[in-house]
Enquirer: 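Have a look at this one.
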Amino acid sequence: MAQKPSTPKGTRDFGPGQMSRRNYIFSTIRRVFEKYGYQPIETPAMENLSSLLGKYGEEGDKLLFKVLNSGDYLSKADAELLADKDSLKLSTQITEKGLRYDLTVPFARYVVQHRDEITFPFKRYQMQPVWRADRPQKGRYREFYQCDVDVIGSDSLLNEVDLIRMIDEVFENLQINVVVKLNNRKILSGIAQAIGAPEQMTEITVAMDKLDKIGDEAVYAELRERGISGESIELLKPVLKLEGNNEERLAELEKLIGETEDGAKGLQEVRTILSYLEAFDLKTVLEIDQSLARGLNYYTGAIIEVKAADVQIGSICGGGRYDNLTGIFGWPGVSGVGVSFGADRIYDVLTELELFPQATESFTRVLITNFGEEETPFALQVLRQLQHAGIASELYPETAKLKKQMKYADNKNIPFVVLIGEEERLSGKPTLKNMHSGEQLNVSIDEMIRRIHQ
RNA sequence: GUGGAUGUAGCUCAGUUGGUUAGAGCACUGGAUUGUGGUUCCAGGGGUCGUGGGUUCAAGUCCCAUCUUCCACCCCA
């Protein structure tokens with residue numbers, strides 16, 4: 001047997017059936033984005049590595065797909081590094097492009113590069129694949145689609161309100177029950193300050209983020225491992241143990257971190273967002289979660305994460321505010337806020353919950369059979385009239401056995417078959433068969449069109 | 001990057017303590033039905049058992065390596 005064909009690790013093909021379901025997700029999301037006034041952009045699959053490296057932390061750099069330079073790239077490489085097999089240093093000489101890791105960094109690059117053409121605040125959405133050299137597993141792929149919405153150039157918390165409302169609307173339309181978790185980077189930094197470890201905020205948040213997954217004892221252990229003092233851990237315990245509804249949590253947090261500058265600011269931001277949202281009748285549960293951190297360390301304000309309530313698959317949407325994202329491309333002080341919907345995970349959730357609407361694999365409504373050259377001119381004429389009447393139709397291209405042509409229609413779920421053989425050609429009246437009822441009639445073309453339209 | 005499982009027909013999977021021509025269902029092709037699908041019946045094609053090496057008189061089966069896919073960890077959508 002020839003070599004078994006396959007797609008690269010962690011990548012997938014999408015057949016017609018999957019595409020119709022995927023497009024259902026994309027069009028649902030796009031409709032909401034556009035309703036709120038966001039405009040689409042696209043950026044290349046590849047970015048310069050200099051734009052990508054260092055933006056996602058050390059872990060992120062390892063997960064970047066690098067594209068080898070074209071041509072005789074080794075001839076330009078340093079002979080000594082080659083001999084040493086020093087991949088890390090060598091890579092800077094043989095590759096200068098990489099596949100994008102997310103849509104936010106390319107967006108920041110886009111904004112800086114095109115700032116003269118953009119009207120701010122700039123509200124954009126972008127739905128494209130991204131690539132990560134991660135080891136694939138459930139709900140995790142090496143190529144997957146993100147649907148990003150961001151607004152850049154506005155500090156207003158009204159943007160956060162916008163985003164949360166869009167999240168609510170998208171998942172309501174998709175009929176997925178979700179929990180929206182909300183936190184604020186300033187609350188996290190307030191916590192770090194309040195427990196006397198302001199320099200170790202990253203270590204603290206990374207450990208704290210695992211709270212609901214590994215439990216409090218394991219979090220304490222990890223904190224110790226990461227070099228947090230026992231004293232600080234003791235102070236942190238009441239923060240981790242926070243319970244109750246949003247009001248109660250905020251009140252508790254006020255007591256614990258209200259004295260710190262960042263903490264007070266963060267709490268106020270969260271309160272403002274919540275109070276704006278009171279005017280809306282949100283369908284989803286909005287939950288303050290002081291342990292929510294998320295990986296990307298460029299967040300500076302709100303942190304948002306969405307989890308499916310009925311499926312265990314990790315987060316299906318997430319994002320937050322970043323005050324200085326464009327700074328890395330030389331334009332400091334521009335604030336942005338946005339979220340990203342994970343289309344592939346949403347697909348998996350909808351599949352598991354059987355929430356996809358009845359998908360029609362084919363759009364074709366009529367198949368015209370092919371009996372041979374004699375009948376072809378009349379068949380083409382019928383095809384033209386059907387299509388002219390706005391009916392998706394196709395003529396079977398081969399003069400195959402009728403059984404095979406019928407089976408083709410059946411497999412593609414085509415509801416009508418028009419038989420055109422010698423009889424029909426001579427009378428000028430095609431035979432219309434309803435595949436569902438099996439009913440079959442010899443009618444004029446006009447009558448046929450009328451019946452199909454019913 | 002660490003650990004665990006997996007791989008047999010296009011697909012989903014059987015295959016006994018190692019034993020002679022490796023099976024089933026679905027799909028495909030032909031026929032029962034020369035102008036009729038979805039139901040039924042009959043027949044047929046299709047496999048160097050992931051790859052490479054080893055043990056053995058004998059390997060789909062046992063051992064080693066390697067790759068693939070899946071699962072968990074790390075991290076993340």
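Numbered from 1 within each chain, the chains take letters A, B, ... in sequence-line order.
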Enquirer: Filter on ring-ring contact (aromatic ring centres under 6.0 Å, His included), then keep only pairs touching residues 169-189 of chain A, sequence neighbours left out; what's left?
Expert: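 Listed once each, the pairs are A:F171-A:F341.
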
Enquirer: Tabulate atom names and distances for all N/O pairs under 3.5 angstrom spanning the protein and nucleotides 69-72 of chain B.
Expert:
unit_1, atom_1, unit_2, atom_2, d
B:rU69, OP1, A:K9, N, 3.3
B:rC71, OP2, A:K138, N, 2.6
B:rA72, OP2, A:Q137, OE1, 3.0

Enquirer: What contact category does A:K210 fall into here, base, sugar-phosphate, or nothing, at under 4.0 angstrom with non-hydrogen atoms?
Expert: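 Answer is sugar-phosphate: A:K210 comes under 4.0 Å of backbone atoms only.
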
Enquirer: With sequence neighbours left out, write down each residue that passes side chain to side chain contact (heavy atoms under 4.5 Å, CB included) with A:K62, or none if nothing qualifies.
Expert: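 Here the qualifying residues are A:E59.
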
Enquirer: Please measure how far the P atom in B:rC26 lies from the corresponding atom in B:rA22, and state the result in whole Å.
Expert: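 Pairwise P distance, B:rC26 against B:rA22, rounds to 23 Å.
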
Enquirer: What does the B/S/- profile of nucleotides 37-43 of chain B look like, 5' to 3', with a 4.0 Å heavy-atom cutoff to protein?
Expert: BB-----

Enquirer: Using a 4.0 Å heavy-atom cut-off across all strands, classify A:E424 as base, sugar-phosphate, or nothing.
Expert: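 It contacts base atoms.
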
Enquirer: Could you list the donor-acceptor pairs under 3.5 angstrom formed by side chains in residues 173-181 of chain A, with sequence neighbours left out?
Expert:
unit_1, atom_1, unit_2, atom_2, d
A:N173, ND2, A:E169, O, 3.4
A:N177, ND2, A:D310, OD2, 3.2
A:K181, NZ, A:D289, OD2, 3.3

Enquirer: Say you pick atom P in B:rG30 and the same atom in B:rG45; how far apart are they, in whole Å?
Expert: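 After rounding to an integer number of Å, I get 15 Å for this pair.
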
Enquirer: With nearest nucleotide decided by heavy atoms, which residue, A:F371 or A:C317, maps closer to the 5′ end of RNA chain B?
Expert: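 Nearest-nucleotide comparison on RNA chain B picks A:F371.
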
Enquirer: Quiz question: going by heavy-atom distance under 3.5 Å, is there a donor-acceptor pair between the base of B:rU36 and the side chain of A:Q440?
Expert: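 Counting by modelled atom types and ignoring angles, a donor-acceptor contact under 3.5 Å is found here.
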
Enquirer: Without swapping roles, check the side chain of A:D150 against the backbone of A:G336 for a donor-acceptor pair under 3.5 Å.
Expert: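 Checking the backbone N and O of A:G336 against the side chain of A:D150, no donor-acceptor pair under 3.5 Å is found.
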
Enquirer: Sequence neighbours excluded, which residues qualify as side chain to side chain donor-acceptor pair (under 3.5 Å) partners of A:D168?
Expert: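 Checked A:D168 against side chain to side chain donor-acceptor pair (under 3.5 Å); matches are A:T284.
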
Enquirer: Got a sec, which residues hit side chain to side chain contact (heavy atoms under 4.5 Å, CB included) with A:P415, two or more places apart in sequence or on another chain?
Expert: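 Here the qualifying residues are A:R365.
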
Enquirer: Hey, which of these two, A:K401 or A:E222, hits RNA chain B nearer its 5' end, going by closest nucleotide?
Expert: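 The answer here is A:K401.
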
Enquirer: Please determine whether salt bridge (charged side-chain N to carboxylate O under 4.0 Å, His left out) holds for the pair A:R140 and A:D134, giving the CA-CA distance in whole Å, both sets of side-chain angles, and the decisive distance to 0.1 Å.
Expert: CA-CA 8 Å; A:R140 177 179 297 190; A:D134 213 347; 3.0 Å; yes

Enquirer: For A:S340, which contact category applies under a 4.0 Å heavy-atom criterion: base, sugar-phosphate, or nothing?
Expert: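 Contact class for A:S340: none.
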
Enquirer: Could you list all the ring-ring contact (aromatic ring centres under 6.0 Å, His included) pairs where at least one residue sits in residues 415-453 of chain A, not counting sequence neighbours?
Expert: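 ring-ring contact (aromatic ring centres under 6.0 Å, His included) check on residues 415-453 of chain A returns no pairs.
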
Enquirer: Whole angstroms only, please: what is the CD1-P distance between A:I420 and B:rU36?
Expert: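 So the two atoms are 17 Å apart, to the nearest Å.
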
Enquirer: Taking only residues two or more places apart in sequence or in another chain, which ones pass side chain to side chain contact (heavy atoms under 4.5 Å, CB included) with A:I273?
Expert: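 Listed in chain order: A:L157, A:E160, A:V161, A:I164, A:L182, A:L277.
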
Enquirer: Which whole number of Å gives the distance between the P atom of B:rG18 and that of B:rC64?
Expert: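 Looking at atom P only, B:rG18 and B:rC64 are 16 Å apart.
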
Enquirer: Any stems for RNA chain B, made of 3 or more Watson-Crick or G-U pairs in a row, each with both distances under 3.5 Å?
Expert: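 Output for stems: B:1-5 with B:69-73, B:10-13 with B:23-26, B:28-32 with B:40-44, B:50-54 with B:62-66.
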
Enquirer: Starting at CZ of A:R132 and ending at P of B:rG1, how long is that distance when rounded to a whole Å?
Expert: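 Roughly 18 Å, once rounded to whole Å.
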
Enquirer: Could you pull out all residues at least two apart from A:Y408 that satisfy ring-ring contact (aromatic ring centres under 6.0 Å, His included)?
Expert: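 With neighbours one apart ignored, the set is A:Y396.
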
Enquirer: Rounded to whole angstrom, note down the C1' distance from B:rG1 over to B:rC75.
Expert: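 Comparing C1' positions in B:rG1 and B:rC75 gives a spacing of 11 Å.
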
Enquirer: Quick one: salt bridge (charged side-chain N to carboxylate O under 4.0 Å, His left out) partners of A:E222, sequence neighbours excluded?
Expert: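 Salt bridge (charged side-chain N to carboxylate O under 4.0 Å, His left out) check on A:E222 returns A:K210, A:R226.
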
